[in-house]
Visitor: 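Pasting a structure below so you can have a look.
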Amino acid sequence: MQYSRNTIVALASAAGRGGVAVLRLSGAGAAAALEKITGKSCPAPRYAARRRFYHPQDGGLLDDGLVLWFPGPASFTGEDVVELHCHGGRAVTDSLLAALCACDDVRPADAGEFSRRAFHNGKLDLTQAEAIADLVDAETLAQQRQALRQMDGALARLYDGWRHDLIRSLAHLEAYIDFPDEDLPAEVDEGARAGIRSLLQAMRGHLADGHRGERLRDGLAVAVIGPPNAGKSSLTNSLARREAAIVSATAGTTRDVVEVHLDLGGYPVILADTAGLREGSDPIEAEGIRRARARAETADLKIAVFDGASWPALDTHTVNLVDDSTVVVINKGDCLPADQHQTCPIVAGRPAQVISVHSGQGMDAFLSALTAEVQTRLEGQGSAPALTRARHRSALEDCADCLSRSLQAPALELMAEDLRLATRALGRITGRVDVEDLLDVIFRDFCIGK
């Protein structure tokens, strides 16, 4: 299905100055527009050819570059597509865009319109279109891997497989209801229920993933907490490899949350340096401490930093926040007694990493431990693809609710209606919202009317 009859054009590469820029056209008039600004016919499909580009109205020379021709439907959008590879100066790209838009039936593309046309023409489902956006925005290797896997259809195959199983169960149930005279097996009803139970269990397991896919897209929230002057800001700067936070010997220097985006072992992390935990001496510091506690409560992972110079005394405000999602750090490790260097200190039941941000002592081991904790929270067990958007999760939760309700339905007709709703909920994820293939399953499985 064609989304629009217009031919659209847009800059496919990043805006701004560069060595090479790419302009893309899609639509029935793409070939004509190319011939109009080059004075030559399209090259052989998928072969690059050198062309000079001229304005279609005054014939002025605009640039000298390469063109590629992708006749539909063997193209990204499923329509005729042309790519122009030109020099990346802003004047060049702007003049070429203006020249192309001066051609008949060519207009600037709306945001995301190329992907939208690809979806409407059956080249992409919704999860793959979303994956393209994720791949463009990926800043770490883990984000890149997840986006590529989704763009390859891993998520769509999982959901389409579940949808196929649902349609089969619904088909069997509908056949049992609508064709009582066809001598269908008596166990059709129970077989459908068994399939629903199995699917519901798999779906609930998929949903119970700790939101790892969404966190991998957005970045794992990590809060650095601890008493004043324990070295939180110094540790933040060391991890960021720049002076992101102010470091001072004056207690209470950090008043607000300072966020730093990191690539930690290929995983995205949003590191938050917070105010030192103590009883605030003035209203501004007290507000900073309140924000520090709030950030600690909502963080996916905490780094609790203690002052090795005060060992074995520990700040009780920080100790009270240590839990299973905390990496414990004792900074200024060179101030610890010698025997503490030979053993692993335990703080609130958690093993502590002894480091010195100043000298670098223990930093490699700490980074390895922190990366392992981040990886545990962002990488799932097994080979199933991860949920990557709240939209997917909402649709799956609706589907699971419908399946659970269907198993409690007092009548087969009500059970079938719940299965229809569940099928539609799954179809919303990939863009498949119809159940017209239900009759195909009925006829194939039961040969009704043969």
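Values in this document were obtained by computation on a predicted structure and should not be read as measured data.
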Visitor: Could R389 and D134 be called an ion pair, given the rule that one side-chain N must be under 4.0 Å from one carboxylate O?
Guide: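 Looking at D134 together with R389, the answer is yes, because their closest N to O distance falls below 4.0 Å.
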
Visitor: Any donor-acceptor pair under 3.5 Å linking the side chain of S169 with the backbone of D165?
Guide: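 Checked: pair present.
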
Visitor: Kindly say whether D323 contributes a backbone atom to a donor-acceptor pair with the side chain of T326 at under 3.5 angstrom?
Guide: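 Present.
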
Visitor: Do the side chains of D300 and R377 get close enough for a salt bridge, i.e. N-O under 4.0 angstrom?
Guide: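 Looking at D300 and R377, the cut-off is not met.
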
Visitor: Can you name the side chain to side chain donor-acceptor pair (under 3.5 Å) partners of Y54, sequence neighbours left out?
Guide: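 With sequence neighbours excluded, Y54 shows a side chain to side chain donor-acceptor pair (under 3.5 Å) to no residue whatsoever.
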
Visitor: Taking side chain as C-beta onward, heavy atoms only, is L135 less than 4.5 Å from Q146?
Guide: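 No, their side chains stay 4.5 Å or more apart.
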
Visitor: Where do N331 and A230 come nearest, in terms of heavy atoms and distance?
Guide: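 The answer is ND2-O, 3.0 Å.
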
Visitor: Does the side chain of Q201 come within less than 4.5 Å of H206's, by heavy atoms?
Guide: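 H206 does not reach Q201 side chain to side chain.
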
Visitor: Identify the two heavy atoms, one from G265 and one from T371, that lie closest to each other, and give their separation to 0.1 Å.
Guide: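 Smallest interatomic distance, heavy atoms only, reads CA-CG2, 4.2 Å.
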
Visitor: Side-chain contact, heavy-atom cut-off 4.5 Å: I225 with R293?
Guide: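 Result no, sub-4.5 Å side-chain heavy-atom pair not found.
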
Visitor: Would you say the side-chain atoms of Q143 and Y267 include a donor-acceptor pair closer than 3.5 Å?
Guide: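 No, no side-chain donor-acceptor pair sits under 3.5 Å.
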
Visitor: Using every non-hydrogen atom in the two residues, find where V328 and R350 come nearest and quote the distance to one decimal.
Guide: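 So the two residues come closest at CG2-CB, 3.7 Å.
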
Visitor: What's the spacing between C86 SG and L96 CG if we round to 0.5 Å?
Guide: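 Nearest 0.5 Å value for the SG-CG distance: 5.0 Å.
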
Visitor: Under a 3.5 Å distance rule, please check whether H87 uses its side chain to pair with a backbone N or O of G89 as donor and acceptor.
Guide: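 Between the backbone of G89 and the side chain of H87 there is no qualifying donor-acceptor contact (under 3.5 Å).
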
Visitor: Do S95 and H55 touch side chain to side chain, with heavy atoms closer than 4.5 Å?
Guide: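 Sidechains of H55 and S95: no contact.
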
Visitor: For side-chain contact (heavy atoms from CB on, under 4.5 Å), just list the numbers for F53 and V92, CA-CA rounded to whole Å, side-chain angles, deciding distance to a tenth of an Å, and then say yes or no.
Guide: CA-CA 10 Å; F53 306 128; V92 174; over 6 Å; no

Visitor: Check L97 against L11 and note the closest heavy-atom contact, atom names and distance.
Guide: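 Distance-wise, the nearest heavy atoms are CD2-N, 4.3 Å.
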
Visitor: Looking at every heavy atom in both T274 and V224, which two are closest together, and how far apart are they?
Guide: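 Looking at all heavy atoms of both residues, the shortest contact is OG1-O, 2.6 Å.
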
Visitor: Check for a donor-acceptor pair, side chain of S368 on one end and backbone N or O of D364 on the other, with a separation under 3.5 Å.
Guide: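 Yes, the answer is positive, given that a donor and an acceptor are paired below the 3.5 Å cut-off.
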
Visitor: Measure the CZ-CG distance between R163 and L158 for me, rounded to the nearest 0.5 Å.
Guide: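 CG of L158 is found 14.0 Å from CZ of R163.
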
Visitor: So, does T93 use its side chain to make a donor-acceptor pair with the main chain of R90 at under 3.5 Å?
Guide: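 Answer holds: yes.
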
Visitor: Is there a donor-acceptor pair under 3.5 Å between the side chain of S394 and the backbone N or O of A390?
Guide: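 Here the side-chain-to-backbone pair does not exist.
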
Visitor: Measure from the side-chain N and O atoms of Q150 to the backbone N and O of T127, and report whether any donor-acceptor pair falls under 3.5 Å.
Guide: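 Indeed, once roles are kept as given, a pair shorter than 3.5 Å links the two residues.
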
Visitor: Side chains of E214 and T388: donor-acceptor distance under 3.5 Å anywhere?
Guide: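 No - no donor-acceptor pair under 3.5 Å links their side chains.
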
Visitor: Answer yes or no: is there a donor N or O on one side and an acceptor on the other, between the side chain of R157 and the main chain of D152, under 3.5 Å?
Guide: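 It does hold such a pair.
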
Visitor: Does the side chain of T140 come under 3.5 Å of the side chain of D263 through a donor N or O and an acceptor N or O?
Guide: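 On atom types as modelled, these side chains do not qualify, holding no pair under 3.5 Å.
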
Visitor: Would you give the length of the straight line joining atom SG of C402 to atom CG of L419, rounded to the nearest 0.5 angstrom?
Guide: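 Output value for this atom pair is 9.0 Å.
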
Visitor: For residues T430 and D125, report the shortest heavy-atom separation together with the two atoms involved.
Guide: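 Smallest heavy-atom distance, with atoms named: O-CB, 3.3 Å.
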
Visitor: Do R107 and E113 meet the salt-bridge criterion of a basic N to acidic O distance under 4.0 Å?
Guide: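 A salt bridge is present here (some side-chain N lies under 4.0 Å from a carboxylate O).
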
Visitor: Quick one: are L68 and V82 in side-chain contact, heavy atoms under 4.5 Å?
Guide: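 Sidechains of V82 and L68: no contact.
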
Visitor: Between E297 and A294, is there a donor-acceptor pair closer than 3.5 Å when you use the side chain of the first and the backbone of the second?
Guide: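 No, because the side chain of E297 does not come within donor-acceptor range (under 3.5 Å) of the backbone of A294.
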
Visitor: Do Y159 and H164 have a side chain donor and acceptor closer than 3.5 Å?
Guide: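 The answer is no; no qualifying pair exists.
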
Visitor: Between D398 and R428, does any NZ, NE, NH1 or NH2 come within less than 4.0 Å of an OD or OE carboxylate oxygen?
Guide: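 Yes, R428 and D398 are salt-bridged.
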
Visitor: Is any side-chain N of the basic residue among R405 and D418 closer than 4.0 Å to the acidic one's carboxylate O?
Guide: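 A salt bridge links R405 with D418.
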
Visitor: Under a 3.5 Å threshold, yes or no: a donor from one side chain and an acceptor from the other, between S404 and D401?
Guide: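 No, no side-chain donor-acceptor contact under 3.5 Å.
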
Visitor: Return the CG to CG distance between L166 and D160, rounded to the nearest 0.5 Å.
Guide: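 The CG atom of L166 sits 11.5 Å away from the CG atom of D160.
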
Visitor: Around atom CD of E397, are there more than 12 heavy atoms of other residues, nucleotides or ligands at under 6.0 Å?
Guide: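 Count over threshold, so yes.
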
Visitor: Do H211 and R393 come within less than 4.5 Å of each other through their side chains, counting heavy atoms only?
Guide: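 Answer yes - side chains close enough.
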
Visitor: Hey, is D209 close enough to R215 for a salt bridge, meaning N to O under 4.0 Å?
Guide: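 Answer for the salt bridge query: no.
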
Visitor: Dump the intermediate steps for side-chain contact (heavy atoms from CB on, under 4.5 Å) on I167 and W162, then the final yes or no.
Guide: CA-CA 9 Å; I167 290 174; W162 285 351; over 6 Å; no

Visitor: Is the backbone N or O of L403 less than 3.5 Å from a side-chain atom of S406, with the two atoms forming a donor-acceptor pair by type?
Guide: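 Yes, the answer is positive, given that a donor and an acceptor are paired below the 3.5 Å cut-off.
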
Visitor: Please determine whether side-chain contact (heavy atoms from CB on, under 4.5 Å) holds for the pair V106 and N6, giving the CA-CA distance in whole Å, both sets of side-chain angles, and the decisive distance to 0.1 Å.
Guide: CA-CA 6 Å; V106 178; N6 295 116; over 6 Å; no

Visitor: When you compare the side chain of V9 with that of T7, does any pair of heavy atoms fall below 4.5 Å?
Guide: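 They are not in contact (no side-chain heavy atoms under 4.5 Å apart), so the answer is no.
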
Visitor: Quick one: CZ on F76 to CZ on F114, what's the gap to the nearest 0.5 Å?
Guide: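 It comes to 9.0 Å.
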
Visitor: Is there a side-chain contact between M151 and E130 (heavy atoms, below 4.5 Å)?
Guide: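 They are not in contact (no side-chain heavy atoms under 4.5 Å apart), so the answer is no.
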
Visitor: Got a second to check how far L301's CG is from D324's CG, nearest 0.5 Å?
Guide: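 Spacing of CG (L301) from CG (D324) equals 11.5 Å.
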
Visitor: Between S325 and K302, do the side chains contain an N or O donor and an N or O acceptor separated by less than 3.5 Å?
Guide: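 Present: a donor and an acceptor within the cut-off.
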
Visitor: When you look at CZ of R391, are more than 12 heavy atoms from neighbouring residues, nucleotides or ligands closer to it than 6.0 Å?
Guide: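 Counting other residues, nucleotides and ligands, CZ of R391 exceeds 12 neighbours.
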
Visitor: Distance-only criterion, 3.5 Å: show the donor-acceptor pairs between side-chain atoms of residues 16-42 and protein atoms not counting sequence neighbours.
Guide:
from, atom 1, to, atom 2, distance (Å)
R24, NH2, E83, OE2, 3.4
S26, OG, T77, OG1, 2.8
S26, OG, E79, OE1, 2.6
T38, OG1, L34, O, 2.7
T38, OG1, K40, N, 3.3
T38, OG1, K40, O, 3.2

Visitor: Please report the C-alpha distance between L84 and R51 in whole Å, then the side-chain angles of each, then the deciding distance to 0.1 Å, and finally whether the side-chain contact (heavy atoms from CB on, under 4.5 Å) criterion is met.
Guide: CA-CA 9 Å; L84 278 62; R51 293 283 191 272; over 6 Å; no

